[in-house]
There are 2 protein chains.
Amino acid sequence: MDPRFLRTFVTVARLGSFSAAARELGYTQSAVSQHIGVLEADLGAPLLTRRPVEPTEAGARLLEHAEPILLRLDAARADVAKVAGGPPRSLRIGTTPLACGHAASLVAPALTVTVRVADRVTIAREVATGVLDVGFVDGVAAVNDPLRLPELGLTVAEVWEEPLAVAVPADHPLIARTVPGIARPSSFSRSTDESRRSRPAVRLEDLVDARWIDAPVVCAPLDELAAIARADGFRPALHYDGADVSGLLALVAAGHGLALLPRRVVTHGLALAEPALTHRTELLRLGG
Amino acid sequence: MDPRFLRTFVTVARLGSFSAAARELGYTQSAVSQHIGVLEADLGAPLLTRRPVEPTEAGARLLEHAEPILLRLDAARADVAKVAGGPPRSLRIGTTPLACGHAASLVAPALTVTVRVADRVTIAREVATGVLDVGFVDGVAAVNDPLRLPELGLTVAEVWEEPLAVAVPADHPLIARTVPGIARPSSFSRSTDESRRSRPAVRLEDLVDARWIDAPVVCAPLDELAAIARADGFRPALHYDGADVSGLLALVAAGHGLALLPRRVVTHGLALAEPALTHRTELLRLGG
DNA sequence: CCTTCTTACGGAGTCCGTAAAAATA
DNA sequence: TATTTTTACGGACTCCGTAAGAAGG
């Protein structure tokens, strides 16, 4: 199973065409056909149907392994290159939108610093492959639990955890029902210990049936949230693909749904009863 | 980075010798030398020192990636072979010692069933590579958290969670100090809710400085426990390499140290205050 | 010197492009 | 028939064994 063949296999599967894959990879169609042929002979099973070109069951199984393998091979190369190469000339920082504040905590030395914002998995991948030097990623997790990221041999160099809150519109019925009158803009920043204690916090499982906004780039994807909170059925009322927090908050304010975010960015929100759930930011580095 | 070359690299690193690796892999010394040479040229850095043969810094980084990659390649092959091959003739079950009870829950169909007992990582590896059809592994984790296993594309088909207890000798000072008089053999099985409530449970972090027995094959390794319980310094008083629970309990009874085990196997023990920590057993299968 | 690793060289096999054939819509 | 994939074939390259050459201890 030559990695090159695996690469053409995933490319063919992705593009649904031998010829298109050949074009993308700089091979001839013939070569691609031979790659797939060798792979199928080696594994003893057809991996793709032809016309239309789609993965067979065996091919689907292989696909699920091939991509992590190829990614990890790139990570290995990048990791070796890093220790082999001398001191870095520039610093390339990657960060998810909400982790950007922590990224600023890195004192910038006398280097050219560039910052790139993307989603969690992209950041992890690019740190692993050496495109980025460090990455800041955030998400929702149980206290002291690492974020669930693809295993690429990355190390978590530093960790920050902060409380969560459910962002809600100012006039959301849930506020009226469970915590009357807290929906003031400064509810979190100004509330005293006393007012906070007197206000019952919301349990996540009670909000399962509410309308949620799925904003996987900004914070935890809903399906992941369901796994963490041990509650099925967080169905999205709306899918927000932006990377911008204020845009998400505007949607929440307009009543399109709720969102689970770090308390610091939430103006109208409900405190969480789950103390074991936090917003976690991790600083990722390559190697050990 | 031909996987074959990676394989000879890890073999050379493990054996500390080109010739020994050649013997083990069925190559000539020359071929092994060429493999390493190609790898070093490709990555642009020396990977091994010669005489003595030891990984360089770059080599150490590569090693950390190479083994998971090779394992995953085997897993991919096994996974495809599984869907390609017809219905299985025999069922090979792997299990960790404490998960064996759950393994018995698998109703055995009209197949030849063989059971193999090994440690967690071995079981996971052999399920991934198709040596075993299913695997039962156990360990300590936070409630609803998966066990930390090498990422090999395995699926968790079923899960059991049960309460934990700290196994202690009948006359351990901790019993006298924290929960006087509970060290009766039937303390857990016979205790009523009332007696249980009146008996203060023990927090794991209070036991950090106690003497522990590290029994990584039987239950969670101590270093992992430290990570889960967020407490450093679980230093082992004794390292138990056996796979046998009764042997471990005998050592505990003889006062050689404490052990964290599922409550069902503990006769003299302390209940845990952490409700979020459980003994978890997972049924592992290949593929999705 | 003896062990261990490296280098030189050549045969067998692999990889991939050109070109022609086959297959499917 | 038009498009896409497969097969045939050959050149260049790779892999690995034999054998001779360095390099340590």
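Model, not experiment: these values are computed from the prediction. Chain letters run A, B, ... following the sequence lines, proteins first, then strands; residues in each count from 1.
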- Message: With a cut-off of less than 4.0 Å, is there a side-chain N or O of A/His35 near OP1 or OP2 of C/dC15?
- Response: no
- What are the two closest non-hydrogen atoms of A/Ala78 and A/Ala128, and how far apart are they? CB-O, 3.5 Å
- Task: Could you tell me whether the side chain of A/Thr49 and the main chain of A/Pro52 form a donor-acceptor pair under 3.5 Å?
- Result: yes
- Just by distance, do the side chain of A/Glu282 and the backbone of A/Val137 share a donor-acceptor pair under 3.5 Å? no
- Taking only residues two or more places apart in sequence or in another chain, which ones pass salt bridge (Lys or Arg N to Asp or Glu O under 4.0 Å) with A/Glu151? none
- Query: Which nucleotide sits closest to the side chain of B/Tyr27: D/dG17, C/dC5, D/dC15?
  - Reply: D/dG17
Could you write out each protein N or O paired with an N or O of nucleotides 18-20 of chain D at a distance under 3.5 Å?
{"unit_1": "D/dT18", "atom_1": "O4", "unit_2": "B/Ser30", "atom_2": "OG", "d": "3.0"}

- More than 12 foreign heavy atoms under 6.0 Å from CZ of B/Arg77: is that the case here? yes
- Task: Provide the closest heavy-atom pair for B/Ala60 versus B/Pro55 in the form atom of the first, atom of the second, distance.
- Result: N-CB, 3.9 Å
- Task: Whole angstrom is fine here: how far is it from CD in A/Glu40 over to P in D/dT5?
- Result: 13 Å
- Message: Tell me the interatomic distance from A/Arg23, atom CZ, to C/dG17, atom C1', rounded to whole angstroms.
- Response: 17 Å
- Item | Under-4.0 Å salt bridge between B/Arg92 and B/Glu126 | no
- Query: By a strict heavy-atom criterion of less than 4.0 Å, which residues belonging to residues 10-22 of chain B are in contact with DNA chain C?
  - Reply: B/Ser17, B/Phe18, B/Ser19
- Could you state the atom-to-atom distance from CZ of B/Phe5 to C1' of D/dT14 in whole Å? 8 Å
- Output yes when A/Asp119 and A/Arg125 qualify as a salt bridge under the 4.0 Å nitrogen-oxygen rule, no when they do not. no
- Flag side-chain contact, heavy atom, 4.5 Å: B/Leu286 against B/Leu154: yes
- Report the residues that fulfil salt bridge (Lys or Arg N to Asp or Glu O under 4.0 Å) with B/Asp79, sequence neighbours left out, ordered by chain and then residue number. A/Arg61
- Message: Considering every strand and a 4.0 Å limit on heavy-atom distances, what is the contact class for B/Val53: base, sugar-phosphate, or nothing?
- Response: sugar-phosphate
- In whole angstroms, the gap separating C1' of D/dC15 from CG of B/Asp2 amounts to 9 Å
- Could you state the CZ-C1' distance from A/Arg7 to C/dC15, rounded to the nearest angstrom? 17 Å
Quick one: side chains of residues 20-33 of chain B, donor-acceptor pairs under 3.5 Å with protein atoms, not counting sequence neighbours, listed by atom name and distance.
{"unit_1": "B/Glu24", "atom_1": "OE2", "unit_2": "B/Arg14", "atom_2": "NH2", "d": "2.7"}
{"unit_1": "B/Thr28", "atom_1": "OG1", "unit_2": "B/Ala31", "atom_2": "N", "d": "3.2"}
{"unit_1": "B/Ser30", "atom_1": "OG", "unit_2": "B/Gln34", "atom_2": "NE2", "d": "3.0"}

- Message: Could you tell me how far apart B/Asp42 (CG) and D/dC15 (C1') are, to the nearest whole angstrom?
- Response: 15 Å
- Between C/dG17 atom P and A/Leu25 atom CG, what is the distance in whole Å? 11 Å
- Would you kindly give the CD-to-C1' distance between A/Gln29 and C/dC15, to the nearest whole Å? 17 Å
Below 3.5 Å is the cut-off: list the nitrogen or oxygen pairs between protein and nucleotides 21-25 of chain D, distance only.
{"unit_1": "D/dA23", "atom_1": "N3", "unit_2": "B/Arg51", "atom_2": "NH2", "d": "3.0"}

